[in-house]
Amino acid sequence: MSIKSAAARIFAKKIYKKTQAWATNPVATQQKVFLSLIRQAKKTKFGTDHHFDQIKTTADFAKKVPIRDYEALKLYVDRVVEGQENVLWKGKPLYFAKTSGTTSGAKYIPLTKESMPFHIEAARNAILHYIHETGKADFVDGKMIFLQGSPVLEEKNGIKLGRLSGIVAHFVPQYLQKNRMPSWETNCIEDWETKVDTIVNETFDKDMTVISGIPSWVQMYFERLYEKGGKPVGDLFKNFNLFIYGGVNYEPYRAKFENLIGRKVDSIELFPASEGFFAYQDSQKEKGMLLLLNSGIFYEFIKSDEFFTENPKRHTIAEVELGVNYVLIISTNAGLWAYNIGDTVQFTSLKPYRVIVSGRIKHYISAFGEHVIGKEVESALQEAMAATHVRVNEFTVAPQITPANGLPYHEWFIEFENEPENIAAFTTAIDRAMRKQNAYYDDLITGKVLRELVITKITKNGFQDYMKSIGKLGGQNKIPRLSNDRKIAEVLKTE
């Protein structure tokens, strides 16, 4: 055992105890965070506009501060971007995380001196919890790769801006710098395909022990390694035993990854976003990710089937239930207030509070009132794959409302690694799994409003070509699992 790995075990135990202190007192912890946020933002422009001086309880907050998304908060954000102080949070932010918006163009998400440390600590603590639970720490002596955006930052009115992963690259602890891959120069390459090829060349003969990134883009890295080496990734990197991921559900990729790696490896799921680091997998034995209640974020939850009603009830952590689909609403020490990030979650445990990401409130299919969410399509595909030797590279689903012949249906666009021997049986297996999960969908099939789903096969690298065509290849970009329209579908049809 090296000194470094021994120190990691000691530090992991310390962090575990610190986490337990707040995780076993969740309601009190959230109340403390809430009051601190209100107190610190009381004299900001947003705080005075919403009478923070009169807010004493979470019920007061719900009455005075409406739910907003980025577009609704943009008037305040624009003032921050212009360089004004004390608008959403005290002073000025340290950075803006720049992301693509839907209707508002580029989005500028503030990162403050109060919020930034939690982004760094959460990723570190996820690894430390893994070490504490498993006792495995030897990987800290090997090379670690984090597939991320470029760390090159721009500047806007005196505030640096860039992709979140690129900003975070500036905060890698000194003790990890020698282990970290790829090189700074390679990380700065903007073209994703060039970057991946360069990373392959840089890491090919290194002792890689930890690999991290969004599964779809790590898959591209693994495929290039396989092409170059002619053998599984696990044979190239004999000590590679930990995969860290976030952004999308790993399960649809797991079989393909195990084939590319040549064996199973442990994994840690993270739930980061530009708006905050919300949760991480704290146990290899339990389902879900530990919701971070002591990280400068106050959480509210709205049942997704009530979200679009006139005045949906906002639940605090003390009021949530297991298995219910909630829209996640956050207020943060970066100045986002009652902010809808667009993600939906379900609780898998209330002691402690653990969640899974179930989808996006804007990414759903309900063209016929079926209310299909991301978790359902992912689970249905996983169930069908588990019964066969089929592996899938990528997929997305859209409704076909006006088919040329017959009843409408859900169209599944799938890029297979290896196709099913019987595509009709595979289609039916997915459809049955969907009907078991979603009663509305089952009723529509039974009532002959919809026919069984249809699979459209996408050619090799078809999804990568699509992402390239819209300028979103690589980085933190990912294909939506669901669309309630056919914008993506029609492009894929013509590929």
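- When all heavy atoms of N333 and L37 are compared, the pair lying nearest together is N-CD2, 3.5 Å.
- Ring geometry for H50 against F46 counts as parallel: the plane angle stays under 30°, on a 0 to 90° scale with 60° as the upper cut.
- Ion pair R314/E319 not flagged as a salt bridge, since none of the NZ, NE, NH1 or NH2 atoms sits closer than 4.0 Å to an Asp/Glu carboxylate oxygen.
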Given side chain to side chain contact (heavy atoms under 4.5 Å, CB included), test F463 with L492 step by step and report yes or no.
CA-CA 8 Å; F463 282 98; L492 291 171; 3.8 Å; yes
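- Between H410 and E370, the side chains place a donor N or O and an acceptor N or O closer than 3.5 Å (distance only, hydrogens not considered).
- Between the side chain of E85 and the backbone N or O of K92, no donor-acceptor pair lies under 3.5 Å.
- No donor-acceptor pair under 3.5 Å is formed between the side chain of H129 and the backbone N or O of S283.
- No more than 12 heavy atoms of other residues, nucleotides or ligands sit less than 6.0 Å from atom NZ of K32.
- Between the side chain of Q30 and the backbone N or O of I297 there is at least one donor-acceptor pair closer than 3.5 Å.
- Between the side chain of N438 and the main chain of Y441, a donor-acceptor pair closer than 3.5 Å is present.
- Taking the centre of each ring, H119 and F171 stay at or above the 6.0 Å mark.
- Residues R391 and E258 are not paired through a salt bridge, judged by the lack of any N-O separation under 4.0 Å between the basic side chain and the carboxylate.
- Side chains of T428 and E452: a donor on one and an acceptor on the other come within 3.5 Å.
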Could you go through the side chain to side chain contact (heavy atoms under 4.5 Å, CB included) check for Y70 and V77 one step at a time?
CA-CA 9 Å; Y70 186 84; V77 176; 3.4 Å; yes
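- Y250 and F257 have their aromatic ring centers within a separation under 6.0 angstrom.
- Under a 3.5 Å cut-off, the side chain of N294 and the backbone N or O of W22 do not form any donor-acceptor pair.
- Of the possible polar contacts, none joining the Y280 side chain to the P272 backbone as a donor-acceptor pair under 3.5 Å is found.
- The OG1 atom of T44 sits 8.5 Å away from the OH atom of Y76 when rounded to the nearest 0.5 Å.
- For K457, the NZ atom is loosely surrounded, since the number of other residues' heavy atoms within 6.0 Å does not exceed 12.
- The aromatic ring centroids of F347 and F301 lie less than 6.0 Å from each other.
- Counting only distance, with no hydrogens or angles, the side chain of S331 and the backbone of A338 share a donor-acceptor pair below 3.5 Å.
- A salt bridge does not link E306 to K313: none of the charged nitrogens lies less than 4.0 Å from a carboxylate oxygen.
- The side chain to side chain contact (heavy atoms under 4.5 Å, CB included) test with F271 singles out one residue from D343, L291, I356, and that residue is D343.
- Seen from the ring of Y409, R451 counts as a face-on cation partner, given the 6.0 Å and 45° thresholds.
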Would F52 and W337 count as a ring-ring contact (aromatic ring centres under 6.0 Å, His included) if you check the C-alpha gap in whole Å, the side-chain angles of each, and the deciding distance to 0.1 Å?
CA-CA 11 Å; F52 275 23; W337 299 102; 5.0 Å; yes
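- Residues W89 and E114 bring a donor and an acceptor atom of their side chains to less than 3.5 Å of each other.
- The neighbour count for K160 NZ, taken as heavy atoms of other residues, nucleotides or ligands under 6.0 Å away, does not exceed 12.
- The closest side-chain donor-acceptor pair between Y130 and D282, if any, does not fall under 3.5 angstrom.
- Crowding of F307 atom CZ: a count of heavy atoms from other residues, nucleotides or ligands under 6.0 Å exceeding 12.
- The pair E154-R163 fails the salt-bridge criterion, with no side-chain N (NZ, NE, NH1 or NH2) lying under 4.0 Å from an Asp/Glu carboxylate O.
- A donor-acceptor pair is defined here as one N or O able to donate and one able to accept, closer than 3.5 Å; no such pair exists between the side chain of Q281 and the backbone of K287.
- For an aromatic pair to be called close, the ring centres must be under 6.0 Å apart, and F413 with F395 fails this.
- Considering all non-hydrogen atoms of both residues, G335 and L73 come closest at O-CD2, 4.5 Å.
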Side chain to side chain contact (heavy atoms under 4.5 Å, CB included) between L381 and I430, intermediate numbers included:
CA-CA 6 Å; L381 180 60; I430 298 176; 3.9 Å; yes
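- Contact detail for S295 and F118: the closest heavy-atom pair is O-CD1, 3.4 Å.
- The closest side-chain donor-acceptor pair between N393 and Q219 falls under 3.5 angstrom.
- Looking only at atom types and distance, the side chain of T446 has a donor-acceptor partner in the side chain of R435 under 3.5 Å away.
- For the residue pair Q400 and F368, the shortest heavy atom distance occurs at O-CZ, 4.4 Å.
- Under the 3.5 Å distance criterion, the side-chain polar atoms of R68 are left unmatched by any main-chain donor or acceptor of N340.
- The existence of a salt bridge linking R432 and E383 is excluded, since no basic side-chain nitrogen approaches an acidic carboxylate oxygen closer than 4.0 Å.
- For the residue pair T344 / S358, a side-chain donor-acceptor distance below 3.5 Å is found, with atom types taken as modelled.
- Contact record, V377 with V372: CG1-CG1, 3.7 Å, taken as the closest heavy-atom pair.
- When every heavy atom of I109 is checked against every heavy atom of L336, the shortest pair comes out as CG2-CD1, 4.2 Å.
- A salt bridge does not link D60 to K64: none of the charged side-chain nitrogens sits closer than 4.0 Å to a carboxylate oxygen.
- Judged by distance alone, with hydrogens and angles left aside, the side-chain atoms of T112 form a donor-acceptor pair with the main-chain N or O of S115 at under 3.5 Å.
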